[in-house]
> 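Here's a structure for you.
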Amino acid sequence: MKIEYTLFHKDKKTNARYGEIKTNYGTYETPIFMPVGTQATVKTLSPEEIKQMHAGIILSNTYHLWLRPGADIVKKAGGLHKFINYDGPILTDSGGFQVFSLAKPKDISEEGVEFKSHINGDKLFLTPEKSIEIQNKLDSDIAMCFDECPPYPVTHEYMQKSVERTIRWAKRCKEAHKNSNQSLFGIVQGGEFADLRKYSAEETVKIDFDGYSIGGTSVGEDKNTMYKMIDYAVKYLPSNKARYLMGVGEPTDILEGVERGIDMFDCVLPTRLARHGHAFTRMGKINLKNAKYKEDFSPIDNSCDCYACQNYTKAYIRHLIVAKETFGQRLISIHNLRFLIKLTEEIRQAIKEDRFLEYKTNFLDKYR
RNA sequence: GCGGAUAUGGUGAAGUGGUUAACACAUUGGAUUGUGGUUCCAACAUGCGUGGGUUCGAUUCCCACUAUCCGUC
């Protein structure tokens, strides 16, 4: 079956909403944060550890899995869930963002995008139909439309052409998508332009997808611009479908997104920061490599219930990171992901009790 | 004991008779938002073993001393 979104409660003072998403692999409350596992693994972590931190949906990636090991191999394995031994829901990104972010140089035409593999330089051609075909083979629960994610900033003229093309591609994605067990999300683009966000949202909604996401954020714009991009788009999205803000994962931005009516977030930040020794705490982000933690035998965050905080000290984790031991990367990854997941748990509770703004203010008061 | 060589920041190591003494590692900060896990940026020797001398000026030339290394007895 397709996923089903149910809205339970809307905050009285803001657009924040509490709901749930029913999937073939369980039901999950929203707002939700989704860990990213680009290459069919959340870097450094096992599926068991992902489950232990009460994660719901995880992400994987069309582009990366297409190049390696190849969609057919995943299909032969019995689909992504079996291949990676994860029995929770999986969302696959379409490859649109990767084409933009790492497969340069690229040549965008109406048919699709020609670019070079970042692995071996192979000439590749990705189209909406191809992306959907790959995602079908991967057998994820939620597939994303193949879109163009233009850099920031770009002229209104360019963005308009890009948005129109992304809408035509969205139609082709919908047309190519036949899998009744897989949901398909449309993506709203339009950069920082209010009129284009509106146009993109309205046209994408007309095509009728199982959920909608806001793309083209966190590509270098400042935070206020990003919040405006959300505002411009979200008001044209139907309230009975899930809304997904792509690539956003700073605690501050999650709160701002939730306030504006976003249900789903994903971000590489918690795991990437972890690999570089940075950890989220209630008081803000800290750099565990800092010399001041050499003899700090307290956990990363006293109030955290994660495996790392229950068992290990800053001094030890700092040593592991400085010594480039992967166990350190794992411990902080576990902590950072759990931190964001717990944040969304608390957000949901706050929305239920109509005190989201109060919660947000309290959180931001201490954070940073 | 004799002969020879070398002495540059935490480490390895460039370099020059004259403005800011390369670079790398380490260290210390910072960055990172639909992940190219090993990335990027920045700071870091007021001084070139010690003491004299030559020179307008010496880390660079000369002398002594000290230390280290090699050879030799």
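All values below were derived from every heavy atom in this structure, side-chain atoms included, with hydrogens, water molecules and symmetry-related copies excluded.
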> I need the CZ-C1' distance between A:Arg275 and B:G37, as an integer number of Å.
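So the CZ-C1' distance, A:Arg275 to B:G37, works out to 4 Å.
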> I want to verify a distance call: between B:U27, B:U33, B:A26, whose nearest atom is closest to the A:Lys324 side chain?
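Given the options B:U27, B:U33, B:A26, the side chain of A:Lys324 is closest to B:A26.
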> Is A:Lys137 salt-bridged to A:Asp72, cutoff N-O under 4.0 Å?
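Salt bridge between A:Lys137 and A:Asp72, a charged N being under 4.0 Å from a carboxylate O: yes.
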> A:Tyr152 has an atom OH; how far is it from atom P of B:U33, in whole Å?
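Rounded to the whole Å, the gap is 15 Å.
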> When you measure from the side chain of A:Asp263 to the backbone of A:Pro31, do you find a donor-acceptor pair of N or O atoms at a distance under 3.5 Å?
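No.
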> Which part of the nucleic acid, if any, lies within contact of A:Asp266, taking any heavy atom under 4.0 Å across all strands shown: a base, the sugar-phosphate backbone alone, or nothing?
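A:Asp266: backbone/sugar contact only, no base atoms under 4.0 Å.
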> Between A:Gln182 and A:Ser140, does a side-chain hydrogen bond (donor to acceptor under 3.5 Å, both in side chains) hold up when you go through it step by step?
CA-CA 7 Å; A:Gln182 184 182 58; A:Ser140 54; 3.0 Å; yes
> Can we say A:Glu129 and A:Arg172 salt-bridge, meaning some charged N sits less than 4.0 Å from an Asp/Glu carboxylate O?
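Answer for the salt bridge query: yes.
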> Can we say A:Glu110 and A:Arg165 salt-bridge, meaning some charged N sits less than 4.0 Å from an Asp/Glu carboxylate O?
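No, A:Glu110 and A:Arg165 are not salt-bridged.
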> Tabulate below the donor-acceptor pairs under 3.5 Å that side-chain atoms of residues 269-278 of chain A make, not counting sequence neighbours, or state none.
residue, atom, partner, partner atom, Å
A:Thr271, OG1, A:Val268, O, 3.1
A:Arg275, NE, A:Thr271, O, 3.4
A:His278, ND1, A:His276, O, 3.3

> Determine the Euclidean distance between corresponding P atoms of B:C23 and B:A42; express it in Å to zero decimal places.
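It comes out at 11 Å once rounded to the nearest Å.
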> Could you state the atom-to-atom distance from CE of A:Met229 to P of B:U33 in whole Å?
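Result: 14 Å.
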> Roughly how many Å is it from CD in A:Gln39 to P in B:G34, rounded to a whole number?
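My rounded result for the distance is 14 Å.
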> Atom CG of A:Asn336 and atom P of B:G37: how far apart are they, to the nearest Å?
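Going from CG in A:Asn336 over to P in B:G37 covers 17 Å.
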> Contact between A:Phe280 and A:Tyr367 at the side-chain level, heavy atoms closer than 4.5 Å - yes or no?
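Touching, per the 4.5 Å side-chain cut-off.
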> In residues 111-119 of chain A, which ones come under 4.0 Å of RNA chain B, going by heavy atoms?
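Per residue number, the list reads A:His118.
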> Counting N and O atoms only, with roles assigned by atom type, does the side chain of A:Asp301 sit under 3.5 Å from a partner on the main chain of A:Arg282, one being a donor and the other an acceptor?
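The answer is yes, because a donor-acceptor pair under 3.5 Å joins these two groups.
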> Would you measure the distance from the C1' atom in B:C44 across to the matching atom in B:U8 and give it in whole Å?
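Approximately 16 Å lies between the C1' atom of B:C44 and that of B:U8.
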> Among B:U27, B:G29, B:G34, which nucleotide has an atom closest to any side-chain atom of A:Asn61?
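Between B:U27, B:G29, B:G34, the one nearest the side chain of A:Asn61 would be B:G34.
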> Taking atom C1' of B:U33 as reference, at what distance in whole Å does atom CG of A:Leu337 sit?
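In whole Å, B:U33 C1' lies 14 Å from A:Leu337 CG.
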> I'd like to know if A:Lys241 pairs up with A:Asp210 as an ion pair, taking the criterion as any Lys NZ or Arg NE/NH1/NH2 lying under 4.0 Å from an Asp or Glu carboxylate oxygen.
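A:Asp210 and A:Lys241: not salt-bridged.
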> Tell me the interatomic distance from A:Lys43, atom NZ, to B:G34, atom C1', rounded to whole angstroms.
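One finds 14 Å between C1' of B:G34 and NZ of A:Lys43, rounded.
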> Distance between the C1' atoms of B:A5 and B:G49, in whole angstroms?
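Approximately 15 Å lies between the C1' atom of B:A5 and that of B:G49.
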> Look only at the side chain of A:Ser162 and the backbone of A:Tyr158, and say whether a donor-acceptor pair between them is shorter than 3.5 Å.
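No, the answer is negative, given that no donor and acceptor are paired below the 3.5 Å cut-off.
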> With sugar-phosphate meaning primed atoms plus P, OP1 and OP2, does A:Val322 contact a base, only sugar-phosphate, or nothing at under 4.0 Å between heavy atoms?
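Contact class for A:Val322: sugar-phosphate only.
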> Near RNA chain B, under 4.0 Å by heavy atom, which residues of residues 199-225 of chain A?
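Hits under 4.0 Å, by residue number: A:Gly216, A:Ser218, A:Lys223.
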> Could you write out RNA chain B as a dot-bracket string, with dots for unpaired bases, | for bases paired across to another strand, and Watson-Crick or G-U pairs counted at under 3.5 Å?
((((((((.[[[..)..(....]]].(((((.......))))).....[[[[[..)....]]]]]))))))).
> What is the distance, rounded to the nearest whole Å, between atom CG of A:Leu340 and atom P of B:G34?
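About 12 Å, once rounded to whole Å.
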> With rounding to the closest Å, how many angstrom separate the C1' atoms on B:U55 and B:G18?
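Here B:U55 and B:G18 have their C1' atoms 12 Å from each other.
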> Would you jot down, in residue-number order, the residues of residues 235-247 of chain A having a non-hydrogen atom under 4.0 Å from RNA chain B?
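Listed by number, they are A:Met246, A:Gly247.
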> Please determine whether side-chain hydrogen bond (donor to acceptor under 3.5 Å, both in side chains) holds for the pair A:Thr6 and A:Lys22, giving the CA-CA distance in whole Å, both sets of side-chain angles, and the decisive distance to 0.1 Å.
CA-CA 8 Å; A:Thr6 308; A:Lys22 194 180 284 180; over 6 Å; no
> Quantified in whole Å, what is the P atom distance between nucleotide B:U27 and nucleotide B:U68?
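My reading of the P atoms in B:U27 and B:U68 gives 30 Å.
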> Check every strand shown and say whether A:Leu91 touches a base, only sugar-phosphate, or nothing at a heavy-atom separation below 4.0 Å.
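No contact at all - A:Leu91 keeps every heavy atom at 4.0 Å or more from the nucleic acid.
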> When the C1' atoms of B:A13 and B:U50 are considered, how many whole Å apart are they?
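Result for the C1' pair: 23 Å, nearest Å.
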> Answer yes when A:Glu345 and A:Arg338 have at least one side-chain N-carboxylate O distance shorter than 4.0 Å, and no when they do not.
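Salt bridge: yes.
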> Distances under 3.5 Å only, N/O to N/O: pair up the protein atoms with those of nucleotides 30-32 of chain B.
residue, atom, partner, partner atom, Å
B:G30, OP2, A:Asn287, ND2, 3.2
B:G30, OP2, A:Asn290, ND2, 3.0
B:U32, O2', A:Arg272, NH1, 3.3
B:U32, O4, A:His278, ND1, 2.8
B:U32, O4, A:His278, NE2, 3.0

> If you measure from the P atom in B:G12 to the same atom in B:U39, how many Å do you get, rounded?
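After rounding to an integer number of Å, I get 24 Å for this pair.
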> Sub-3.5 Å donor-acceptor pair from the side chain of A:Asn61 to the main-chain atoms of A:Tyr63, do we have one?
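A pair under 3.5 Å: yes.
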> Regarding A:Arg260 and A:Asp231, does a basic nitrogen lie under 4.0 Å from an acidic carboxylate oxygen?
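Yes, charged N to carboxylate O under 4.0 Å.
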> Contact between A:Asp195 and A:Tyr232 at the side-chain level, heavy atoms closer than 4.5 Å - yes or no?
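SC-SC contact between A:Asp195 and A:Tyr232 ruled out.
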> Within the 4.5 Å heavy-atom criterion, are A:Leu245 and A:Asp266 side-chain neighbours or not?
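Result no, sub-4.5 Å side-chain heavy-atom pair not found.
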> Can a salt bridge be assigned to the pair A:Glu202 and A:Lys206 using a cut-off of 4.0 Å between side-chain N and carboxylate O?
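A:Lys206 and A:Glu202: not salt-bridged.
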> Sticking with atom C1', work out how far B:A21 lies from B:U16, rounded to a whole angstrom.
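One C1' to the other, the span is 9 Å.
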> Among B:U27, B:U33, B:U38, find the nucleotide with the atom closest to the side chain of A:Gln329.
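Comparing B:U27, B:U33, B:U38 against the side chain of A:Gln329, the answer is B:U38.
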> If you check every side-chain atom of A:Thr44, which of B:U28, B:G34, B:G37 has the closest atom?
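For the A:Thr44 side chain, the nearest candidate turns out to be B:G37.
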> Would you say the side chain of A:Ser60 lies within less than 4.5 Å of the side chain of A:Leu65, judging by non-hydrogen atoms?
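SC-SC contact between A:Leu65 and A:Ser60 confirmed.
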